[in-house]
Every structure is written in C-alpha cells, then in structure tokens.
Amino acid sequence: MSPTIHALRVLSRARWQITVNRWWRVSLARKVGSVIMLVFGLFGLAFTLFLGFFITKGLSSVRLTDGLAQTGIDQPALLVALPSALMLGILLLATLSSIGGAISALFFSNDLEFLLTAPIPVRSVFIAKLIESLVGQYLLMLALAVMPLIGYGLALDYGLAYFLVLPLIVLATPLMPTALGAFLAVLILRVVPPRRAREILGVLGSLMGLGFYFGSQLLTGSSGAQRLGGNAAWVANLDQPYLPNAWAGRALRGVGVGDWRGLGYALIYIVAAGLIFYGGTLVTERMYHSGWLAVAGSGETRRKRKSAAPAQTRRQLGGWRGQAQTIVSKDLRVLPRDLRNLIQFIWPLAFAAFWLWRIISDSDTGIAGRDPLTVLASGVGVAFFICSTLSARLAQTGISREGRAYWLLQVAPIHARAIVWGKAALAWLPFPIVGLLMMSLTVVLGGLNPLLGLLGWLAVAVVGAGMTTIQTSFGAAFPVLDWEQPEKMISFRAGCLGSLLGWSYAFISAALIALASLPLTLPLLSPSTSRSPVVWLVAGVGLLGALLVTGLALTLPVRIGAERLERLEG
Amino acid sequence: MSSYDQPLIHAHELTKVYGQHVAADRVTFAVRPGEIFGFLGPNGAGKTTTIKMLIGLLRPTSGAALIGGYDIAREPLKAKALIGYVPDQPQLPDKLTAREFLQFVAGLYRLDPAQAQRRGEELLELFSLADRGDDLVGGFSHGMRQKIALSGALIHDPKAFFLDEPTVGLDPRSARLIKDILRQAASQGTAIMLTTHILEIAERMCDRVGIINGGKLIAVGTVDELRHGSDGSLEDIFLALTGGTEYQQQLELSEERA
Ligand SMILES: Nc1ncnc2c1ncn2[C@@H]1O[C@H](COP(=O)(O)OP(=O)(O)OP(=O)(O)O)[C@@H](O)[C@H]1O
Ligand SMILES: [Mg+2]
C-alpha cells in the first residue's frame, strides 16, 4: 500500500470518528436537537423536490404554452434548458464556496500543524482536506440539485434511466468546482495573505449573492411579458454545447426522453469531471507542497496610535452601567476590524437602499400621494424590517462573538446581566439610528405629518428594544464559544427561540400600539369620525398592553439569559 | 487571629466530578496574604480544575471556594473583584490592540481610566511590548499573549492572584521578570497560587507547595517540611509521592524487546 493511501485511510478514519463522536458523545438534549434539525432538513429537502416538480409542471402546462407562444417565448426550449441552467448555477456556487473552503481547510484547520509535521505525505493531507470539503459539497448538492431534478423528472414522467443517470451526474458534479476552487485558492494566496483572503472572499460572495438577487428582482420586477421573454431566452442560452453544465443537462434530458446521445453526454461529463479533478489536484498539490505560496504573515496590520486623549478625558463610570458601556465600546471597536462582520450588514443595507429606491421612484409601489395611513404603516413597517435585519445578527451573536476570550468576562467582577444588557444595547442601536433616517425619509417623501413620523419612530425604537433584548438573551442562553468560522456563531436553539419569540413579541406589541394610536389614526381614515369614549378606552387598553409586554420583553429574557450564562463553565 | 492572617484564598473540600471521573477530590488548603503557594502534580492531576473552581470558571460538584472571605458561588462579584487570573492558554480578543485590551480590562474592573492608562504603559514597558502596543493581539506570539494576559491581570492589582503555568513559553528574561513581579506582589500582601511543572521554580519561589495526584491533595507544606529532614531534592519528593519511576522497569523491558 502506498504511503499516501495509507495516510489517507488513517486520516479519513480519524475524521469519521470525530464526526461520530460529535453526534453521539454529547448530552441527550443535544441529541434531541440534532434529531429535530434532521427532521427540519428532511422537510427542506422535500420542499425543494416539490419546488422542482411544480415549476416543471407549471412550465409544461398547456395553458401556459399557449400564453407563452403569444409572447414569443420558446417554451419547449426553456423547459429543456432548465437542468443546464440549474447545473450552471450549482457549478458557479460550488466553485466560489470551494475557494473559501480550500483556504479554510488548507490554512486554518487547527489540526494542520500536527498533520503537516507528521511523517505522512503532504499529498495525503491535501487530498484528505479536499475530500472533507467534497463531503460538504455533496450535502449542498442534495438540496440544490438532486431533489429539484428528481422533481423535474417526476413532473415530466421520465423513465428509470433518468433516475439511474442522475446520481452519476450528481456524484461527478462537485469534482470540477473543488479542484478549480483549490487551484484558485492557491493562486489567490500567492498574492494575498490567507486571513485577508478569507475575509475578502466572504465579502465577494455576499456581493455576488446581492448581484444575483437584485438582478433577478429588476428583471422580473414589473413582470412585463416582454421582460419575461427576455429572461426565458437568456436561460435557454445557457444550454450551449461547449459548457460543461450543458453536458450534464443534455445527458439528463437525453436519458429522460430516451435519446441515446444522452448517455454520450453523461460519459463526456463524468470523464471530464474526473480528468479535471485529477489534473487540477495534481497541479495544485505540487504548488501547495513546494511552498510556492507566499506563506505570508497573519495579515494583521499595525495600527496607527491615535491620541490617548479619550481615555484620559473619560470620567470614571460607576456601577454596572459603566461595565456594560465598556463592552459596548469594545464591540464598536472590534466589529469594523473584521470584514466578515461587515458582510452581515451588506444585505440589510442593500435591502434598505432597494426599498428606498422603490418607494421613491416606482409609481406602482411608491408612497408619494398615498393616503397618510398607508404612508405611515408602510414607512414604519419598512423601517422596522430593515432595522431588525441589521440588529438580529448583532443580537444573536452578542455573547458568541467573544468566542474563546469569553473567560475574560467570566472572571471579571461583572454581573451576567450587565453583559447581556451591554450586548443588547449595542444590537439595539440600528433601531433609533436607521429608524430615524427611514422615518425622516417617509416624512419628506411621503408627505407624512411630522408628529406621526416621530411617533412612528418611537414605536420602532421601543418595539425594537424589546425584540433585541429577546434575541440577545437567547443568544446568551445558548452561546457558541468555540466557533472557528463566524458563520457558526449562532446555535440552533438561540436562532430558533430568539427569532420565534422576538417576532411574536413584535407582532403582538405592534398590534397593541396600533390600538393605542387609534385616536390619532382614526381621523386619517375618515375625518368625520368622532373620537368616542370607546375609542379612548380601546386606546388606553392598547397602550397599557404594549407597555406590559414590552416591560416583560425587556426583563424576563435577560434574566433567563443571565442565569444560564452564570451557569456556563469554561 | 488578626485580619492580616485571614487566608485570601481558601479551598474547602473542593470536588469536581466529570461523569464517572473525579477530577478533584475534596481538595482543601489556604493561601495567606503575602504567600506564594505552588501547586504541583502530574499531567491531568487536577491542577487546572482546582484553579478554575477557585476563580469561578467551574462550579464545584461540592465544597466551597472563598476569596478574601467571600464565597465565589454566593458573592461572585465581590470575590471576583479581588481575583487576577492568567490561564495556561491565554485566549484574548484577537481584534483588539494590546493597549485597547488593557483599556478594556480596566473598564471591566472599573478602574480610573487615567490611572489605568499610566499603569498599562508601565506594564507594556516592563514587558518590552511598548512598541507593539498598537498592534492587534491576534498577531502576537504565544509568549507575547502570555505577557499581555499577565498585564491584564496585574493592571487591577489583584489580591488573590492565580497563574496556571506562568513561565511556559516565556524567554528566560521574561520568566525571571515574572518571578520578580510575583515576589514584589507578594511582598505587598497579595496571595499567589501558581501551578508549575518546573520544580526549581517551586523550590526557589514558593513559600509552600501542595502536591496533587489523581485529584487528591496528597501533601501540603514548605519544601523543608515535605523533606522531613531528609536531604532529598523536591524532585525526589515529588516522584516518591506521585508514583515515582516504575516506568524505569517498563523502559528496560521495552529495551530488551527491541
Ligand atoms: N471538561 C472536562 N470534561 C471531562 N473531564 C475533564 C474536563 N476537564 C478536565 N477533565 C479531566 O480532569 C482531570 C484533571 O484535569 P486538569 O486540567 O485539572 O489537569 P492538570 O493537573 O491541569 O494537568 P496539566 O498538568 O496537564 O495541565 C483530567 O483527568 C481531565 O481529563
Ligand atoms: Mg493544567
């Protein structure tokens, strides 16, 4: 047995044992959690299967065929091109994700030093890492490719051959992106230090996602038949014989309809994938092995020393408020230093810009000239939504962001409640700040009464405070302190409970606040309505209720979170 | 008994059980103000576990930890205000600079900012890190982090100071510096508890040592007391108490086989 193969077997077995231990040598609660997650995952898979099925069914329905024919869309061509288009999307996505995956695996795994100093061929370490990332890719493929394509086959009544060739195609698919991704990763690292590269890639990935999303929004936005026709033609265009994704698509289509050329395409695709994987890894491994990379420093930059004045002028802060403030200012300092943290804000900010643009410019969705109640409601709604997307991650990762350095807070003489409050205060900031901006725009562009605008802003800030506190608290109750990648900072329980309870609270309190504001909003509906005592009564009840639930939201979850934090061992 | 003699660190029957495994078994000892207490024992004996129970990072299965008379479980804030801790693997916030880190710690311990800043500069100067003070801690070497963690602990003048293997990874000059710093702190009335595998440190620095093995504290006293008048080195005592050198037979056996 060659040393490479031997080492590969040893490494794979260790990996397998780690995976098994991670699932089984844990507490019962975690096992139950895993099972629940598995069930959710299966539902998700079923969902993508149905999605594939119904889209295909819809596109092949007779009525649509007639309708589309009038718009000049070549409907059969579109249907044929679907698998190719899907494969292209998957190949691109997989390539991008495997660049990041390769950088993480080849430079940041914490077992790397150990492995590279062990007397095993570097090649086997390299390949073992690639295989690890392949496994991840296959899981992705299961959701994105296998299920929708099964749905596609079922919708078109394809025969057994289709369902036999499908797994082969799927098995071959991640090979190309993985090899390509590793190659590109090594190329990139030739010029950029790994740490920076990983951050930059994250940002790029996010931007690309944004591009896709808003591109598709703009394309389908007003859904004119003309534009739709353009889209269909564009999708059909992806089915070019020289593109690998089209080989896969044509193979599937071919075996589905009983065309023998399908098998030919399948063969070409699989062989090409194998060759590219083999050649690509060979070249990349040489580059990795020969130290061709600039194994640059950690990429930490030296910071210019700012004047020490703020530290001196700041007066001594008393009590736990001062400590909470210390945590807030530390977080404000640290957040912008990691590009990966900033990524989290790109999406909501882009959403904000997009919505604003629609509100201002679009005659269909714009608010200008609407009745004041609609303007108020949509202004408050959009403001709250954007603020909450900005704040949610900050809130849920509050404690987890400290990571392995959390012991510092644990040994410090600081009450766990102060920690939670500090984290919540920081995550709340988007509500008053961005909320003010959004409501000002609503007032200026929508011609809303400034007083109503002010009240709307207050409502956003208050409900935001309750929601942020709930999410921060559950993030604190179920923190993840041993994360390596920032995507893994939110535990399943924290995410679920926080979002569920947070949004429940938001809806309830919003409804109560709507009741409380009836005396102000009723005259907007019809100026003639008189404010009867009943209206005042309802408003009073609404106000009391809103105060009560908000009071509860601000105190009870913090207690739970702090209590669990205090019991945390480390 | 005068208040000066009240122990600052008091472990009372501290016990920690992990599943079936007893990591610390009714560990009891006290460290008085101005005293340096060395905690020795083989790997996995329960040294880190005991320290973590004393400072509140682990909850004891039973027993109590008192710092300056405050039970860490009942009055954690009062107890923690007295504690300084330097872990064996100092994990620090990577994206703070060394100076910002010290400022952060000062805020957590509610120090006067101006004073804290002066003290921070002194400490950076002392550890020869002043010119790296504006670099991110994430880019520091193990020893440099250790020094930053030490500075963070020293900045608030702890009354009960816990160090887990403080000299591991430090250059000789810095290791010497730490010894001097600890001695100075002790002379000002700080109670110090440190774990170490370097018996020479224990012998020369510590007023008293405790030896723990398999979770049980098997001997406490000054090095002279442990010697019982014999002239063996601390190494001999340590080996005799913790199960010594039976491995020599195994070594010889495996040599024969080879
Ligand atoms: N989280 C944990 N879960 C289970 N067992 C643990 C845990 N932490 C420590 N132990 C066990 O407790 C025992 C004592 O560990 P501890 O870290 O206190 O040893 P130590 O004396 O500090 O050793 P070293 O000299 O190697 O630092 C060991 O047997 C270890 O396996
Ligand atoms: Mg230890």
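Remark: B:K179 NZ is packed, more than 12 non-hydrogen atoms of other residues, nucleotides or ligands lying under 6.0 Å away. When the shell of 6.0 Å around CZ of B:R26 is examined, it contains 12 or fewer heavy atoms from other residues, nucleotides or ligands. When the shell of 6.0 Å around NE2 of B:H197 is examined, it contains more than 12 heavy atoms from other residues, nucleotides or ligands.
Here the straight-line distance linking atom CD1 of A:I414 with atom CZ of B:R110 works out to 8.5 Å at 0.5 Å rounding.
Inter-residue side-chain proximity for B:Q103 and A:R333 is flagged as met; some heavy-atom pair is nearer than 4.5 Å. Looking only at side-chain heavy atoms (C-beta outward), A:E569 and B:K16 come within less than 4.5 Å of each other. Side-chain contact between B:F104 and A:V334 is absent, with no heavy atoms from C-beta onward closer than 4.5 Å.
When all heavy atoms of A:Q410 and B:K80 are compared, the closest pair comes out as O-NZ, 2.7 Å. Here the closest non-hydrogen pair linking B:Y109 and A:V411 is OH-O, 3.5 Å. Of all the heavy atoms in B:L77 and A:H415, the pair that sits closest is CD2-N, 3.7 Å. For A:W407 against B:Q91, the heavy-atom pair with the smallest separation is NE1-O, 2.8 Å. Between A:L408 and B:P93 the shortest heavy-atom distance is CD1-CD, 3.6 Å.
A salt bridge does not link B:R59 with A:E566: every distance from a Lys NZ or Arg NE/NH1/NH2 to an Asp or Glu carboxylate oxygen is 4.0 Å or more.
Within the 3.5 Å criterion, the main-chain N or O of B:L108 finds a donor-acceptor partner in the side chain of A:Q323.
When the candidates B:I83, B:L82, B:I55, B:L96 are compared by the number of heavy-atom contacts under 4.5 Å with chain A, B:L96 comes out ahead.
With a threshold of 4.5 angstrom between heavy atoms, B:P76 does not approach chain A through any atom at all.
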